[in-house]
Amino acid sequence: MGKVTITNHPLIQHKLTLLRDKNTGSKEFRALVSEIATLMCYEATRDLPLEEVEIETPIAIAKAKVISGKKLAFVPILRAGTGMLDGVLALVPSAKVGHIGMYRDPVTVKPVPYYCKLPSDISEREVIVLDPMLATGGSAIDAIDQIKTFHPKSIKFMGIIAAPEGLEALTTAHPDVDIFCAALDERLNEHSYIIPGLGDAGDRIFGTK
Ligand code: PRP
Ligand code: URA
């Protein structure tokens, strides 16, 4: 079973409260999503493999650590996942980026995929999937299904708010995927929106409602 981490760092929790507030406008909302993603990325990359190299400091030869191999690929789920991208690239600027496009059908709440473009060397990379909302889990499960067909070294999911229903569905469908979220909320409402959640993440990031 994959590991589930709820990142309860005070800075993340404070920013999350501002994010949930319905009076927070798009400009501040975007900045907060990005800042939370940076802080969460620190935790999600904790186990990246290191290797030893030899370098010369101004004083002496030293053995030191660098991240080994081809490193990371970030894969945001369109649209709202792109709001987290700048934040994670601030920590790992050399990472490659793939995109998966899907939206939830408003009636069935099933994901409707419309785009997939992944780095060509993804099989040599550790993938972190980005999407702020894990509601029913359908979008994350489908995105990870698609990514797995390209056989990356590993896959993690980084969200901001999860519903218990989505967490259960994702851990059941993909038990090998470690999950990082800033909050585990109460439940879904009758429209499969997270309670209390933050509303529609894509609309709040892009000001489309
Ligand atoms: C939101 C969110 C997730 C999905 C979560 O996207 O960003 O992708 O819903 O719901 P699920 O866990 O029930 O699948 P949405 O479908 O609103 O698309 P958008 O980002 O393009 O607005
Ligand atoms: N997608 C969102 O953006 N918010 C929710 O609460 C559920 C799905």
Side-chain angles (χ1 to χ4, degrees), residues 2 4 6 15-26 28-34 36-37 40-41 44 74-88 97-118 127-148 155-175 177-209:
V4 176
I6 308 295
K15 289 176 194 296
L16 179 58
T17 300
L18 300 173
L19 200 63
R20 289 184 190 275
D21 189 334
K22 68 174 188 183
N23 296 312
T24 299
S26 280
E28 194 187 350
F29 192 92
R30 269 198 297 275
L32 287 163
V33 168
S34 181
I36 291 172
M40 292 187 68
C41 185
F74 292 116
V75 181
I77 301 177
L78 308 178
R79 291 176 301 167
T82 60
M84 300 170 75
L85 190 56
D86 281 357
V88 294
V97 178
H99 292 86
I100 291 195
M102 59 179 59
Y103 65 89
R104 270 197 341 181
D105 181 290
V107 177
T108 65
V109 300
K110 298 280 177 244
V112 182
Y114 59 83
Y115 188 72
C116 178
K117 180 79 182 172
L118 300 173
V127 169
I128 301 184
V129 178
L130 308 172
D131 192 327
M133 308 307 278
L134 184 66
T136 65
S139 304
I141 292 169
D142 192 291
I144 293 169
D145 282 341
Q146 292 188 51
I147 295 166
K148 277 189 174 173
I155 304 179
K156 290 175 181 161
F157 176 84
M158 206 172 112
I160 295 182
I161 300 181
E165 296 89 332
L167 197 58
E168 167 82 27
L170 180 54
T171 52
T172 303
H174 293 295
V177 170
D178 288 346
I179 300 170
F180 296 83
C181 287
L184 179 58
D185 275 11
E186 213 178 297
R187 63 185 169 90
L188 297 177
N189 71 9
E190 62 278 22
H191 305 293
S192 293
Y193 273 80
I194 300 175
I195 301 178
L198 50 69
D200 188 303
D203 283 340
R204 293 197 65 189
I205 290 171
F206 297 109
T208 39
K209 216 166 216 163

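Counting starts at 1 for both ligands and their atoms, following the listed order. Values reported hereafter were calculated over all heavy atoms of this structure, with side chains retained and with hydrogens, waters and symmetry mates removed.
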message: Checking Thr208 against Arg79: is there a side-chain donor and acceptor pair closer than 3.5 Å?
response: yes
task: Look only at the side chain of Glu165 and the backbone of Leu188, and say whether a donor-acceptor pair between them is shorter than 3.5 Å.
output: yes
- request: Evaluate the 4.0 Å heavy atom contact test for atom 6 (O) of ligand 1: does a protein atom fall under the cut-off?
  value: no
message: Is it the case that the side chain of Arg20 and the backbone of Pro196 share a donor-acceptor pair, with hydrogens and angles ignored and the cut-off at 3.5 Å?
response: no
N/O to N/O under 3.5 Å, ligand 2 against protein:
| residue | atom | partner | partner atom | Å |
| --- | --- | --- | --- | --- |
| ligand 2 | 3 (O) | Ala201 | N | 2.8 |
| ligand 2 | 4 (N) | Gly199 | O | 2.8 |
| ligand 2 | 6 (O) | Ile194 | N | 2.8 |

query: Val109 to ligand 1: N or O pair under 3.5 Å?
result: no
- prompt: Is there any N or O on Ile77 that sits under 3.5 Å from an N or O of ligand 1?
  reply: no
task: Determine yes or no for a side-chain-to-main-chain donor-acceptor pair under 3.5 angstrom, with Thr82 supplying the side chain and Leu78 the backbone.
output: no
- request: Pick one of side chain, backbone, both or neither for how Ala201 approaches ligand 1, counting any non-hydrogen atom pair under 4.0 Å.
  value: neither
message: Give me the atom names and distance for the closest heavy-atom approach of Lys148 to Ile155.
response: CG-CD1, 3.6 Å
- line: Near Gly138 (heavy-atom distance under 4.0 Å), the atoms of ligand 1 are 12 (O), 14 (O)
query: N/O to N/O below 3.5 Å, does that happen between Tyr114 and ligand 1?
result: no
- request: Please check if the side chain of Thr136 supplies one atom and the backbone of Gly166 the other of a donor-acceptor pair under 3.5 Å.
  value: no
task: Identify the protein heavy atom lying closest to atom 2 (C) of ligand 1, giving its residue, its atom name and the separation to 0.1 Å.
output: Asp131 OD1, 3.4 Å
Among Arg204, Arg104, Arg79, Met133, closest by any non-hydrogen atom to atom 15 (P) of ligand 1: Arg104
field: Sub-4.0 Å heavy-atom contact, Pro111 with ligand 1
entry: no
task: Specify the protein heavy atom at minimum distance from atom 17 (O) of ligand 1: its residue, its atom name, and the distance to 0.1 Å.
output: Asp200 OD2, 3.9 Å
field: Ser139-ligand 1 polar pair, N/O distance under 3.5 Å
entry: yes
message: Can you confirm whether Val88 sits close enough to Ile128 that some side-chain heavy atom of one is under 4.5 Å from a side-chain heavy atom of the other?
response: no
field: Non-hydrogen side-chain atoms of Asp200 and Met133 separated by less than 4.5 Å
entry: no
- request: Using atom types as modelled and distance alone, determine if a side-chain donor or acceptor of Ser34 lies under 3.5 Å from a backbone N or O of Asp86.
  value: no
task: Check whether any side-chain heavy atom of Ile160 lies under 4.5 Å from a side-chain heavy atom of Met84, and answer yes or no.
output: yes
message: What verdict does the side-chain contact (heavy atoms from CB on, under 4.5 Å) test give for Thr24 and Leu19, after you've listed the backbone C-alpha separation in whole Å, the side-chain angles of each residue and the deciding distance to 0.1 Å?
response: CA-CA 7 Å; Thr24 299; Leu19 200 63; 5.8 Å; no
task: Can you pull out the closest protein heavy atom to atom 13 (O) of ligand 1? Residue, atom name and distance to 0.1 Å, please.
output: Thr136 OG1, 2.6 Å
- prompt: So, Arg104 side chain and Gly138 main chain: donor-acceptor pair closer than 3.5 Å or not?
  reply: no
